[in-house]
> 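One structure coming up, written as structure tokens, with questions to follow.
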Protein chains: 2
Amino acid sequence: MRDVAAVAGVSVKTVSRVLNAEPNVSEELKERVRRAAATLNYELNVYAGGLRRMGARTNAIGLMLESVDDAFSAAIHRGVETVTRRHSIIVLAQSFEEDADRERTVVKEFLRRRVDGLILTTVSRDQAYLSAEAARGTSIVFVDRPAVSVAFDSVVSCNFDGAVAATRHLLEHGHRRLAYVGGDHEIWTLRERLRGYFDELDRWGVPRSDVVALTGVHGEEGARTEVHRMLDGPQPPTAIFAAHNRMTVGVLRALHERGRQHDVAMVGFDDVQLLDLLEPGVTVVAQDPHRLGELAAERLLARMAGNPLELETLTVPTTLIERGSGEIPGPFAA
Amino acid sequence: MRDVAAVAGVSVKTVSRVLNAEPNVSEELKERVRRAAATLNYELNVYAGGLRRMGARTNAIGLMLESVDDAFSAAIHRGVETVTRRHSIIVLAQSFEEDADRERTVVKEFLRRRVDGLILTTVSRDQAYLSAEAARGTSIVFVDRPAVSVAFDSVVSCNFDGAVAATRHLLEHGHRRLAYVGGDHEIWTLRERLRGYFDELDRWGVPRSDVVALTGVHGEEGARTEVHRMLDGPQPPTAIFAAHNRMTVGVLRALHERGRQHDVAMVGFDDVQLLDLLEPGVTVVAQDPHRLGELAAERLLARMAGNPLELETLTVPTTLIERGSGEIPGPFAA
DNA sequence: GTGAAAGCGCTAACAG
DNA sequence: CTGTTAGCGCTTTCAC
């Protein structure tokens, strides 16, 4: 900046004024400064400015996702970006991979960079470690899973309702021997989906002994293995509810390997590309991750702007999309 | 930091030493400082430090991708992250959406944040606007597409070879009326693939009049429409080469809608989840975007470390994966 | 309308 | 081993 001032023959303050579009600079000096900056290829250093500036905004937010590489997470990321872009806010995205230690590390890394706000998906048992930071003025919004034992806004899908809808759909199509294939029970969304599954089974009076609920299944490969095992068992299920996108793919892989995709019904949670082109098409409870990201970002920006808002959990509805696999009739079909 | 010093009863410099793990501090003071920092929930401000520190590293890099939401881009992102994470370097990821104006805006935004390096996928006609920045010491590596009229390292897929392999595969299976369905001709990767397509056709002596090469196709929906149009035409192709992931999906959608997936051969460029479960499975030329990201990040870090390196374009090979759709025999099959 | 001086939070350089 | 002073690049404050 000093160099620019020297080239333009003005003081650094005048350069600062011009580059920050502050008033009270003559057209002539504006022009000279701009030309000098262009010549020297100079860009303002936002951090140096932020240091002195009141409020010390960095115009950056931290976004922690399961993995930047996961389709669901990536859609949230994109949703956040569509909002932040309009405000020239930059997104620091980091994967935490369902690892509570890494979660802490990533958050700490964000705080050392003095982000103005955080949008977090978390897996730790509770997030009390964040309350001191919130007290210091950092805005925080949780996405996909609500905060535990701390008071922050959350934006989540209707996991319970979605699971109820999926389960009811299979029951209505005449299935009673259902199987739920889910992942880590530590994860809130999966607990909610399992709760919805059991809740609807209870409403229909289906005894727990008739159904299966697998909760510790590990990824796509785990789901595949479990389905093979179940199909080999004494009382194989006639319908499967896959509790998230990777489970869905694993279940499908097993069914196709067995050639059973046309006679074992299945509903997946979360939509995945190409599911409609499979034979049969795969019925899913679709989420709207892009919307989750947008809402979380909007909420965060409102908080950052200091708007007085009630603490809230925003819920995004899910949609059951019938494509064939969920409509395969069971033994009790009308 | 001053507060921490006050609480610990030491000077700020001692706090700085402890928190930066510098030597020459007694165990007792270390302990007192750490306790004070924990009490006050204090984290170092990396930017304030970087301002004074020689070299002024921000330990951040800018990553510009087509879209954080695109599976191919997201895999690059993940590859970059696996490398940067080991060095406590944070990634600012931004989508540019094949928009040259936005490309400039995003880069400028990165530079205002004084990133230590840039990993860029670009679409502008040339990137001369970056050379001044490079002269100032910012390391730059191009990923997926090479730099145009500026001398930077690049990490790219073997697009030409992959396209040759795909084309040859279809020719070998007895097809002569081929169709190439590609996107924007401004994009280097797509030009390379088209070049590979024509090159192999020429080698086989297939006249251009026998084949189709669509280059301005717009996204998945555009590809779908074009395939319908071709199938309605007087001389429909017996085999289709879809030049990237979204084209692949669009082509498949059209073929399935027509019920022609079993008699029109097809090879896609870039692998997509679930392609193996379709009927028939979809043959593709797979790229390794994760590897692209890793290599780009490694190269960038080596540059940032000041290693003297020759300017280079690293090339990642592609792999033809046979799954059925590409092996559908054509009229000239042996 | 413009600029000089002070200071944001931190570390380099040096003194003790 | 520990502290003091100066200054990184910028903006605030205030004088002209």
Side-chain angles (χ1 to χ4, degrees), chain A residues 1-34 36-37 40-60 108-116 133 136-138, chain B residues 1-34 36-37 40-60 108-116 133 136-138:
Chain A
M1 184 151 167
R2 230 172 22 194
D3 300 340
V4 177
V7 170
V10 298
S11 73
V12 289
K13 179 62 225 182
T14 300
V15 176
S16 169
R17 273 195 266 260
V18 173
L19 267 27
N20 286 291
E22 283 173 32
N24 298 333
V25 183
S26 69
E27 277 308 322
E28 193 214 330
L29 286 197
K30 272 188 199 163
E31 191 47 38
R32 256 160 59 194
V33 167
R34 271 197 269 267
L40 296 175
N41 209 259
Y42 172 79
E43 293 285 346
L44 274 174
N45 180 334
V46 293
Y47 298 124
L51 212 53
R52 188 68 178 86
R53 214 189 290 272
M54 300 304 292
R57 282 291 178 87
T58 53
N59 286 311
K108 197 174 276 186
E109 196 58 46
F110 285 153
L111 298 180
R112 293 159 71 101
R113 293 203 149 71
R114 297 294 186 273
V115 293
D116 300 330
E133 189 56 32
R136 230 168 65 179
T138 310
Chain B
M1 183 149 166
R2 232 180 11 204
D3 300 340
V4 176
V7 169
V10 298
S11 74
V12 289
K13 180 63 224 185
T14 300
V15 176
S16 170
R17 274 195 263 261
V18 174
L19 268 26
N20 286 291
E22 284 173 31
N24 299 332
V25 183
S26 69
E27 277 308 322
E28 191 213 330
L29 286 198
K30 272 188 198 163
E31 190 47 38
R32 256 160 59 193
V33 167
R34 271 198 267 267
L40 296 175
N41 209 257
Y42 172 79
E43 294 284 348
L44 275 173
N45 181 335
V46 293
Y47 298 125
L51 211 52
R52 187 66 180 87
R53 218 188 288 271
M54 297 307 292
R57 282 292 177 86
T58 53
N59 287 312
K108 197 174 278 187
E109 195 60 45
F110 286 153
L111 297 180
R112 293 161 69 100
R113 294 203 149 71
R114 297 294 186 272
V115 292
D116 300 328
E133 189 57 32
R136 231 169 63 179
T138 310

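FYI, side chains are in, hydrogens and waters are out, and symmetry mates aren't considered; it's all heavy atoms of this structure. Chain identifiers are assigned alphabetically (A, B, ...) following the order of the sequence lines, protein sequences preceding nucleic acid strands; residue numbering begins at 1 within each chain.
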> Tell me: CG of A:D3 to C1' of D:dC10, nearest whole Å?
14 Å
> Roughly, in whole Å, what's the span from CZ in B:R112 to P in D:dC10?
11 Å
> So, is A:T14 close to the C:dG3 phosphate, meaning a side-chain N or O under 4.0 Å from OP1 or OP2?
yes
> Is the phosphate of D:dT2 approached by B:S26 (side-chain N or O, under 4.0 Å from OP1 or OP2)?
yes
> CD of A:E27 versus P of C:dT2: gap in Å, rounded?
10 Å
> For B:E22 and D:dG3, give me the distance from atom CD to atom C1', rounded to whole Å.
14 Å
> How many whole angstroms separate atom CZ of B:R52 from atom C1' of C:dA12?
5 Å
> Please state how far atom CG in B:L51 lies from atom P in D:dA6, giving the value in whole angstrom units.
18 Å
> Where each residue is assigned the nucleotide of DNA chain D containing its nearest heavy atom, which of A:M1 and B:V10 is assigned the position nearer the 5′ end?
B:V10
> Between B:S11 and D:dT2, does any side-chain N or O lie under 4.0 Å from OP1 or OP2?
no
> When you get a sec, tell me which of D:dT4, D:dC10, C:dC10 is the closest nucleotide to the side chain of A:R114?
C:dC10
> Of the options D:dC10, D:dT13, C:dT11, whose atoms approach the side-chain atoms of A:Y42 most closely?
D:dC10
> Rounded off to whole Å, could you give me the CG-to-P distance for the A:N45 and D:dG7 pair?
19 Å
> Minimum heavy-atom separation for B:L44 and A:R114, please, with both atom names.
O-NH1, 3.3 Å
> At 4.0 Å (heavy atoms only), tell me whether B:N24 reaches a base, stays on the sugar-phosphate, or touches nothing.
base
> So, for A:R17 and A:P23, which heavy atoms are closest and what is the spacing to 0.1 Å?
CD-O, 4.0 Å
> In whole angstrom, give the distance that lies between atom CD of B:E31 and atom C1' of D:dT2.
18 Å
> Looking at every heavy atom in both B:A60 and A:R113, which two are closest together, and how far apart are they?
N-NH2, 4.1 Å
> Under the side chain to side chain contact (heavy atoms under 4.5 Å, CB included) criterion, do B:V10 and B:V33 qualify, and how do the steps go?
CA-CA 8 Å; B:V10 298; B:V33 167; 3.9 Å; yes
> D:dG3 base to B:R17 side chain: any donor-acceptor pair below 3.5 Å?
yes
> For salt bridge (Lys or Arg N to Asp or Glu O under 4.0 Å), just list the numbers for A:E22 and A:K30, CA-CA rounded to whole Å, side-chain angles, deciding distance to a tenth of an Å, and then say yes or no.
CA-CA 10 Å; A:E22 283 173 32; A:K30 272 188 199 163; over 6 Å; no
> How do A:L29 and A:V12 order along DNA chain C: which one's closest nucleotide is nearer the 5' end?
A:L29
> Using the closest heavy atom to pick a nucleotide of DNA chain D for each, name whichever of B:A48 or B:V25 lands nearer the 5' end.
B:V25
